[in-house]
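Hydrogens, waters and symmetry mates play no part in the numbers below; they use all other heavy atoms, side chains included.
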Amino acid sequence: MTHPEYILTLSCLDQRGIVYRVSGFLADHGCNIVDSAQFGDAQSQLFFMRVHFTADDPQFDEAALHTAFGLVASSLQMTWQLHDAAKKPRVMLMVSKIGHCLNDLLFRYKSGLLPVEIPAIVSNHTDFYQLAASYNIPFHHLPVEAGASEAAKLAQETRVMELVDHHGIDLVVLARYMQILSPAMCNALRGRAINIHHSFLPSFKGAKPYYQAHDRGVKLIGATAHFVTGVLDEGPIIEQDVARVDHAMEPDTLTAIGRDVECVVLARAVKWFLEHRILLNGYKTVVFK
């Protein structure tokens, strides 16, 4: 017999007995822990925990567990979530004119490496409508003209958020979507929008960063995946990676290597989000790998 599986994530002020209270609650409610991870941050004085468990007693379904654990969470002033491990999160992908990250995520989705539902792809250009069609995913062209007014940008973002709400989106992935989101949209998507970019920042801003890096003779290139906030490219970091380069490589080679790193880093960040492994810790993240 297969028992339903859940993932509990929580954070609270670090104090004695949290693991005992959580594990005791699960044992008392007929649950069996599959795996558990926890971390106490000495700087923030916060405790973080992720527990993957099975609910072996049929009288304790998701609603009953949620209600009962709410009493425990309230007593310890927890921020917490209970997730059905079998439920596939719903992800919306956004892209502009550079498609390597989009293509990589779609391949991982199609091959079963990313257990998600993708009900929509949004772009301010039409370059990838055929790619979306090849995966049978609706493509929404929501243009933003160069030099568009704030009102026009707001109208476009309103249409994006209508799609988010209509499709019940759990995560928005900016897969090289080259538009700056407004503070209001960043706030609406807090903790559920991930962006990817090169790791040269604050150096080499603007167009062709790998060409700029080549001109400066860099020896390392990399990528950063982070949550989107109102401060451009400075949200809580989820994952980073680097690759070594040398003087013999042309700018196009650096660009190709950099794009490969971006794909891998973004895919890791998305996967960890889907598996409920990322917890916010102020301006940082705790990632239980």
*Asks:* Is any side-chain heavy atom of I194 less than 4.5 Å from a side-chain heavy atom of F273?
*Replies:* yes

*Asks:* Any side-chain heavy atom of F227 sitting closer than 4.5 Å to one from I237?
*Replies:* no

*Asks:* In terms of hydrophobic clustering (I, L, V, M, F, W, Y; side-chain heavy atoms under 4.5 Å; direct or indirect links), are M249 and V218 co-clustered?
*Replies:* yes

*Asks:* Taking atom OG of S11 and atom CG of L279, what is their separation to the nearest 0.5 Å?
*Replies:* 6.0 Å

*Asks:* Hey, mind stepping through R50 and D35 against side-chain contact (heavy atoms from CB on, under 4.5 Å) and telling me if it holds?
*Replies:* CA-CA 8 Å; R50 176 187 184 273; D35 62 74; 3.3 Å; yes

*Asks:* Report yes if the distance between the aromatic ring centroids of F25 and F69 is under 6.0 Å, otherwise no.
*Replies:* yes

*Asks:* When you look at OH of Y135, are more than 12 heavy atoms from neighbouring residues, nucleotides or ligands closer to it than 6.0 Å?
*Replies:* yes

*Asks:* Keeping R90 on the side-chain end and H167 on the backbone end, is there a donor-acceptor pair under 3.5 Å?
*Replies:* yes

*Asks:* Using only heavy-atom distances, determine whether the side chains of H52 and E5 contain a donor-acceptor pair under 3.5 Å.
*Replies:* yes

*Asks:* With the side chain counted from C-beta on, respond yes when W80 and H66 share a heavy-atom pair under 4.5 Å apart, and no when they do not.
*Replies:* yes

*Asks:* Of all the heavy-atom pairs spanning A269 and I238, show the shortest one and how long it is.
*Replies:* CB-CG2, 3.8 Å

*Asks:* Got a donor-acceptor contact below 3.5 angstrom from the Q59 side chain to the D57 backbone?
*Replies:* no

*Asks:* Could you walk me through whether I137 and Y109 pass the side-chain contact (heavy atoms from CB on, under 4.5 Å) test, one step at a time?
*Replies:* CA-CA 12 Å; I137 298 174; Y109 153 73; 4.0 Å; yes

*Asks:* Could you go through L114 and K271, starting from their C-alpha distance and side-chain angles, then the distance that decides it, and tell me whether this counts as side-chain contact (heavy atoms from CB on, under 4.5 Å)?
*Replies:* CA-CA 6 Å; L114 288 177; K271 186 173 188 293; 3.8 Å; yes

*Asks:* Verify, without hydrogens or angle tests, whether S74 (side chain) and G70 (backbone) share a donor-acceptor contact under 3.5 angstrom.
*Replies:* no

*Asks:* Can you tell me how far apart CG (L8) and CD (Q81) are? Round to the nearest 0.5 Å.
*Replies:* 9.5 Å

*Asks:* Do you know the tightest heavy-atom contact between Q156 and P143?
*Replies:* CG-O, 3.6 Å

*Asks:* Please determine whether the number of non-hydrogen atoms from other residues, nucleotides or ligands lying under 6.0 Å from atom OH of Y129 exceeds 12.
*Replies:* no

*Asks:* Taking D14 for its side chain and Q45 for its backbone only, find out whether a donor-acceptor pair lies under 3.5 Å.
*Replies:* no

*Asks:* What is the minimum heavy-atom distance between Q38 and M49, and which atoms define it?
*Replies:* OE1-CE, 3.9 Å

*Asks:* What's the separation between atom CD1 in I169 and atom CD1 in I118, rounded to the nearest 0.5 Å?
*Replies:* 9.5 Å

*Asks:* In the structure I gave you, are the side-chain heavy atoms of M94 and V160 within less than 4.5 Å of one another anywhere?
*Replies:* yes

*Asks:* If you draw a 6.0 Å radius around OH in Y211, do more than 12 non-hydrogen atoms from other residues or ligands fall strictly inside?
*Replies:* yes

*Asks:* Can you confirm whether E157 sits close enough to L181 that some side-chain heavy atom of one is under 4.5 Å from a side-chain heavy atom of the other?
*Replies:* yes

*Asks:* As an exercise, state the distance from CG of L280 to CG of L46, rounded to the nearest 0.5 Å.
*Replies:* 11.5 Å

*Asks:* Closer than 3.5 angstrom, by distance alone: can the side chain of S96 be matched with the main-chain N or O of Y177 as a donor-acceptor pair?
*Replies:* no

*Asks:* For N136, is the CG atom crowded, meaning more than 12 foreign heavy atoms sit under 6.0 Å from it?
*Replies:* no

*Asks:* Is there a path of hydrophobic side-chain contacts, each under 4.5 Å between heavy atoms of I/L/V/M/F/W/Y residues, joining V164 to L93?
*Replies:* no

*Asks:* Flag yes if F139 and L131 sit in one hydrophobic cluster, no otherwise; membership is Ile, Leu, Val, Met, Phe, Trp, Tyr, and two members link when side-chain heavy atoms are under 4.5 Å apart.
*Replies:* yes

*Asks:* Are F48 and M78 joined in one hydrophobic group, where the rule is that I, L, V, M, F, W and Y side chains link up if heavy atoms are under 4.5 Å apart?
*Replies:* no

*Asks:* Is the closest side-chain donor-acceptor distance between S203 and R216 under 3.5 Å?
*Replies:* no

*Asks:* Which atom names give the shortest non-hydrogen contact between L26 and I33, and what distance separates them?
*Replies:* CD1-CG1, 3.8 Å

*Asks:* What are the two closest non-hydrogen atoms of A175 and L105, and how far apart are they?
*Replies:* CB-CD1, 4.3 Å

*Asks:* So, the side chain of T54 versus the backbone of D56: is there a donor-acceptor pair under 3.5 Å, distance only?
*Replies:* no

*Asks:* Looking at side-chain heavy atoms only, is the closest gap between M185 and K153 below 4.5 Å?
*Replies:* no

*Asks:* Looking at NZ of K87 and CD of E117, how far apart are the two atoms once the value is rounded to the nearest 0.5 Å?
*Replies:* 9.0 Å

*Asks:* Side chains of R268 and V287, heavy atoms from C-beta outward: is any pair under 4.5 Å?
*Replies:* no

*Asks:* For H226, which of E234, Q240, H197 qualifies under side chain to side chain contact (heavy atoms under 4.5 Å, CB included)?
*Replies:* H197

*Asks:* Using side-chain heavy atoms (C-beta onward) and a distance below 4.5 Å, is L189 in contact with R192?
*Replies:* yes

*Asks:* Please report the interatomic distance CD1(I18) to CG(L76), rounded to the nearest 0.5 Å.
*Replies:* 6.5 Å

*Asks:* Say whether F128 and V122 are linked into one hydrophobic cluster, either directly or through other cluster members, by side-chain heavy-atom distances under 4.5 angstrom.
*Replies:* no

*Asks:* Does T224 reach the main-chain N or O of S199 with its side chain, forming a donor-acceptor pair under 3.5 Å?
*Replies:* no

*Asks:* On the 0 to 90° scale, with breaks at 30° and 60°, tag the Y6-F53 ring pair as parallel, tilted or perpendicular.
*Replies:* tilted

*Asks:* Might you point out which heavy atoms bring R108 and S111 nearest each other, and give the distance in Å?
*Replies:* O-OG, 3.3 Å

*Asks:* Could you walk me through whether V286 and D41 satisfy the side-chain contact (heavy atoms from CB on, under 4.5 Å) test, starting with their C-alpha distance in whole Å, then the side-chain angles of each, then the deciding distance to 0.1 Å, before giving a yes or no?
*Replies:* CA-CA 9 Å; V286 173; D41 185 354; 6.0 Å; no

